[in-house]
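Read through the structure below, which is laid out as structure tokens, and then see the notes.
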Amino acid sequence: MAVPKRKMSRASTRMRRSQWKAEAATLVKSVDANGKVSYSLPHRAKVVEDSAGTPLFMEYKGRKVADV
């Protein structure tokens, strides 16, 4: 296993760690038949709700894939 020969300084460690950046999630905009705009993650099933907001089932590419 590789082992460093010298201790890495605080400045070098922090400089290296400063490159770790979080990315914003990619969202997909979809508009329902009622005109309601919703955003969801791509390649994920969407929860379909009735007018009262009760979850009915999950949908992916226009097909029912699971019950909730």
Side-chain angles (χ1 to χ4, degrees):
M1 189 168 143
V3 179
K5 197 159 208 162
R6 298 258 184 247
K7 180 178 179 178
M8 192 179 232
S9 70
R10 246 189 239 159
S12 293
T13 302
R14 289 175 179 167
M15 227 181 340
R16 178 173 44 83
R17 287 185 183 155
S18 71
Q19 301 305 312
W20 298 353
K21 294 177 180 69
E23 295 178 2
T26 306
L27 298 176
V28 175
K29 180 180 176 181
S30 59
V31 180
D32 295 343
N34 301 335
K36 181 181 173 186
V37 177
S38 63
Y39 294 91
S40 62
L41 295 170
H43 304 291
R44 300 272 194 320
K46 175 178 109 174
V47 177
V48 177
E49 300 173 342
D50 62 0
S51 59
T54 308
L56 300 173
F57 57 90
M58 295 187 82
E59 178 183 67
Y60 184 72
K61 291 188 177 178
R63 296 187 195 139
K64 180 181 173 182
V65 292
D67 291 323
V68 178

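What you are looking at is a predicted structure, and each value in this text was computed from that prediction instead of being measured.
Val31 and Val28 are not part of a single hydrophobic cluster, where members link through side-chain heavy atoms under 4.5 Å apart.
In this structure the side chain of Gln19 reaches within 4.5 angstrom of the side chain of Lys21, judged on heavy atoms.
A 6.0 Å sphere centred on CZ of Arg16 holds more than 12 heavy atoms belonging to other residues, nucleotides or ligands.
A distance of 13.5 Å separates NZ in Lys46 from CG in Leu41, rounded to the nearest 0.5 Å. Summarising the geometry, atom NZ belonging to Lys36 is positioned 7.0 Å from atom OG belonging to Ser38; distances are rounded to the nearest 0.5 Å. To the nearest 0.5 angstrom, Ser40 atom OG is 12.5 Å from Lys29 atom NZ.
Taking all atoms of both residues into account, the shortest heavy-atom contact from Pro55 to Glu49 is CA-CG, 4.0 Å. Annotation for Val65 and Ala45: closest pair CG2-CB, 4.1 Å, computed over non-hydrogen atoms.
Cation-pi geometry between Lys64 and Phe57 is satisfied (NZ or CZ under 6.0 Å from the ring centre, within 45° of the ring normal).
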Practice prompt. Please report the C-alpha distance between Tyr60 and Arg44 in whole Å, then the side-chain angles of each, then the deciding distance to 0.1 Å, and finally whether the side-chain contact (heavy atoms from CB on, under 4.5 Å) criterion is met.
Written response: CA-CA 7 Å; Tyr60 184 72; Arg44 300 272 194 320; over 6 Å; no
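A donor-acceptor pair is defined here as one N or O able to donate and one able to accept, closer than 3.5 Å; such a pair exists between the side chain of Thr13 and the backbone of Ser9.
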